[in-house]
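Numbered from 1 within each chain, the chains take letters A, B, ... in sequence-line order. Being a predicted model, the structure only gives us computed values, none of them experimental.
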Amino acid sequence: MWLLGRRLRFPAQPPCSPGELRLSVLGSRQNNFFTSGGVELFDLAAQGRIDAFFLGGGQIDGQANINLVGTGNYPRTSVRWPGSFGSAYLYFLVPRVILFREEHTRRVFVPRVDFISAPGVSAPEVHRPGGPRALVTSRALFSFDAQAAGFTLQSVHPGHSAAEVRENTGFAYREALPTVVTPPPDRFALALLRGPVREELSEVYPRFAAVLAAEELTAEPGPP
Amino acid sequence: MWLLGRRLRFPAQPPCSPGELRLSVLGSRQNNFFTSGGVELFDLAAQGRIDAFFLGGGQIDGQANINLVGTGNYPRTSVRWPGSFGSAYLYFLVPRVILFREEHTRRVFVPRVDFISAPGVSAPEVHRPGGPRALVTSRALFSFDAQAAGFTLQSVHPGHSAAEVRENTGFAYREALPTVVTPPPDRFALALLRGPVREELSEVYPRFAAVLAAEELTAEPGPP
Amino acid sequence: MGQAGWQDLAALAAQVHSGCLLAVPKDSSGVSMAITREILRSGVRDLHLVCLPTSGLQAEVLIGAGAVRTLETSAVSLGEFGPAPRFAAAVRAGTIRLLDATCPALYAAFQAGQKGLPFIPLRGLIGSDLLRMRADWKVIDNPFAPGDAIALLPAIRPDVCVFHAPLADAEGNVFIGRERDLLLLAQASRRCLVSVEAVSKENLLRDPARAGSVIPAIYVNGLARAPGGAQPLELEGHHETDAAQMSAYVSRSSTEAGFRAFLDEWLSLGKVAA
Amino acid sequence: MGQAGWQDLAALAAQVHSGCLLAVPKDSSGVSMAITREILRSGVRDLHLVCLPTSGLQAEVLIGAGAVRTLETSAVSLGEFGPAPRFAAAVRAGTIRLLDATCPALYAAFQAGQKGLPFIPLRGLIGSDLLRMRADWKVIDNPFAPGDAIALLPAIRPDVCVFHAPLADAEGNVFIGRERDLLLLAQASRRCLVSVEAVSKENLLRDPARAGSVIPAIYVNGLARAPGGAQPLELEGHHETDAAQMSAYVSRSSTEAGFRAFLDEWLSLGKVAA
């Protein structure tokens, strides 16, 4: 269960496009403008026509290696997840990959993933125009520096602390000091997320969209 | 201007086929059962699904090398023909290639072609399930032996002689003795050629079909 | 219909032999659960199941029933309905051999099969454990740009592929709309078996609007009419995924016994309906 | 139409720059003679013209007008109308650089461009003078089967492609029927310029019959309505090749002066009609 957003980039703005940003939710039919089958997305990525996408991970380590396969000794992993999908490809080719994982615990953010579905950094002889730029969790936002092959804590979400993040993260990372609090979405962004975005999501992830709707009823919107 | 016929072969007879032989004339829309563009024919050939095709040549030599590019020094050939089309591919991959050239002269059948569009034989390290099996001209029929890398005169058409063939062929070949006369098509085959075959041809080669129709008026059908 | 290519589902399934390389599409492209049921009834074993590029319920029932020896896929997922229980159980038990891949690697390898190429290069992969575990994949130095490492994948040419499509004509041409993955399956595979919702009276290749979205009959070795043959999975333009059935499957198959009960029921239900 | 992507023919042609890699389809797939005329009017020079996989009249007029520096094709042919006179003359005079290829080599190299691959392997070629003359093609030993030599071709990613199609919608989606070569051109190229016979009021991607035969607007950088824009070449479902015009072309262009007279006439005729 992961989400992929992408912007198609052309040498010049495609004149037939209604707007500048094109976003697609994998699995959506309403937002499917492809006619060459499932391969088309991957071909576009290798051509450099996709700018960004979102990628989750069952485990993520401090070098931004991600594991979508399972925990324990491969192939007989004790917990088996679906599999690597297109990770060991899009992670290499799309310039801005945003890692996301809501659960921020030491079982997710590990010193070293049990299986590398896709590596966070590559040797110089590997064609890698893309890679991780950030990691978003329920507690914090990290940036990633490919040169240093490591994360930096950029901000902590309202109601959480740097110490809490440290305690729940199994890998080492740098901290930008003083600790910044993640700015909450403004009312416009929130209305967008709870309106059209949730609406579009519900086509492919109806249950997830329903959970979001239920949570909204018990949460207070806007900045604290 | 060359013609390509093919039979699609499957592990078993495709049950949806109306008959066993499938034939296509390149460029025909009526007989086009492809939906993947021009590449589909070539993909089928590499998969081993095509059994036979017909290939012409501006020059043909005794090793069955063919030249579709031109005479003289490439690239500034003094006579330039259209180009090599798919020859240096289908000639390698289709098991039974029938070479044809109506004009049987020393300017066509040369000791060595000026440009090898496609070689008649290949080294052992080259994947070559296919190649030439026969050569048909207005005077004679030759077979080709890939091991010996040479042609053998199999039969001479009615009204022609082995000596005439020798005089008009610029390359060396073997002769099967005594000289056999090519059996003319029987009345059934002739009716087929002058009926449905010419009819189908006229879609792609209307002028050639018209010439054939005109010749027929002055020729006597059937065996002499 | 009277055409040689039109058969019943059992006759199609009889063309899928034990030990063969069987290719199937992802859940949303048009999965033939109808032919899958007949395959399981036939008692086939030791399948090498290759998914273009993922699978879900179809891989679950084939694995759960013990018909799969090797699984080549980039994922097995039931989407929002939860983890795939029999797949996970077989992995834990070590009863299936895994060839974990990526989606683009499977597409590329099928395209190599479609083109009759022995192999095809592909970006990504290097530095992953996927590549480390795949003895059949190689890395070379790009001959056009030394110092550029690139993976090479051998072509995939399945013995047979099986899927479900909305429409076919009497001659065996199959309309697939935008589900181009089905054409790739048909062209890459040596044999192709298809169940369809409906039969067109017109030759689909003569319909200028539809002709470009047709799998020509030359690739189709067997066809059966099976309305609802993708259920409980979705079929674009026909029906959505049956969420109740999917949820029931997931909860029942969390145990081996529960799956067995489901399977017996599913196989016998099919028999009544056929 | 009011959409930014809809322009006049001259505005499309202005996006084809001197020295660029220009890709065009074979004569029967849908050649935009309408855009070609505007390209010649714009005075573009030094084109690297690459044909998928052959060309005819379009290559003739571009070469005859002196706009082509390099020609990459598997053939230039006017079919039954006879040899291509300006092509043959330019070859004799040595005024164009030739990159002779085969049809499957061009398809494969475009497919590599479409897939963003650096290169692709292909059968055939070895032992031909085509390969001997192409410094940009290589032969390697198949890493999966030592002792099996195979050619590798670098990808072709044209700067721009130009063609003519039967129908587009206001959003810029282009219907191509079975002419799948046009989709390959659009996807492999960095920019794509299209003239069309007609404009559909409906969004073509929402038409279940046609959607699978559509070039999505994401690949289309410029569109112009130009009924008859392929003439005198054929357009499937619309009109046949104009045999009288083709024969007249061949006889007039047997000399440089005759071709110049034809060209002046053709360019000015177009101006009146536009």
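When atom types are taken as modelled, the side chain of R178(D) and the backbone of F34(B) share a donor-acceptor pair closer than 3.5 angstrom. A donor-acceptor pair under 3.5 Å is formed between the side chain of R76(B) and the backbone N or O of R92(D). D181(D) places a side-chain N or O within donor-acceptor distance of the main-chain N or O of G38(B), the cut-off being under 3.5 Å.
Contact annotation for T35(B): both backbone and side-chain heavy atoms come within less than 4.5 Å of a heavy atom of chain D. Only the side chain of T54(D) has a heavy atom closer than 4.5 Å to any heavy atom of chain B. The contact between F208(B) and chain D is made by backbone and side chain atoms together, counting heavy-atom distances below 4.5 Å. Looking at E240(D), neither its backbone nor its side chain comes within 4.5 Å of chain B, counting heavy atoms on both sides. For A89(D), no part lies near chain B; criterion is any non-hydrogen pair under 4.5 Å. Heavy atoms closer than 4.5 Å to chain B are found nowhere in A84(D), neither backbone nor side chain. Contact of A145(D) with chain B is not made at all, since no heavy-atom distance falls under 4.5 Å. For F110(D), no part sits under 4.5 Å from any heavy atom of chain B, backbone or side chain.
L122(D) is listed as a side-chain neighbour of Y89(B), based on a closest heavy-atom distance under 4.5 Å. No side-chain heavy atom of E125(B) sits less than 4.5 Å from a side-chain heavy atom of I150(D). Taking 4.5 Å as the limit, some side-chain heavy atom of P119(B) sits within range of a side-chain heavy atom of S128(D). Counting heavy atoms from C-beta on, the side chains of M133(D) and P75(B) never come closer than 4.5 Å. With contacts defined as side-chain heavy-atom distances shorter than 4.5 Å, the pair C103(D)/F42(B) qualifies.
For the 3.5 Å distance criterion, the side chains of Y74(B) and D100(D) qualify, holding a donor opposite an acceptor. In this structure, a donor-acceptor pair under 3.5 Å is present between the side chains of S247(D) and R207(B).
Ranked by non-hydrogen atom pairs under 4.5 Å with chain B, the options A88(D), P104(D), S28(D), G127(D) are led by P104(D). Interface remark: of the candidates I96(D), L184(D), D129(D), V139(D), D129(D) forms the most heavy-atom pairs closer than 4.5 Å to chain B. Listed options P83(D), G177(D), G56(D), A149(D) were ranked by heavy-atom pairs under 4.5 angstrom with chain B; first place goes to A149(D). Of all the listed residues (A45(B), G130(B), S78(B)), the one sharing the greatest number of non-hydrogen pairs under 4.5 Å with chain D is S78(B).
Across all their heavy atoms, L98(D) and R80(B) have their closest contact at CD1-NH1, 3.5 Å.
The CZ atom of F85(B) sits 12.0 Å away from atom CG of L106(D), with the distance rounded to the nearest 0.5 Å. Rounded to the nearest 0.5 Å, atoms CD1 (I126(D)) and NE2 (H127(B)) are 10.5 Å apart. Atom-to-atom distance recorded for L130(D):CG and F115(B):CZ is 4.5 Å, nearest 0.5 angstrom. Taking CD from E40(B) and CZ from R180(D), the interatomic distance works out to 11.0 Å, rounded to the nearest 0.5 Å.
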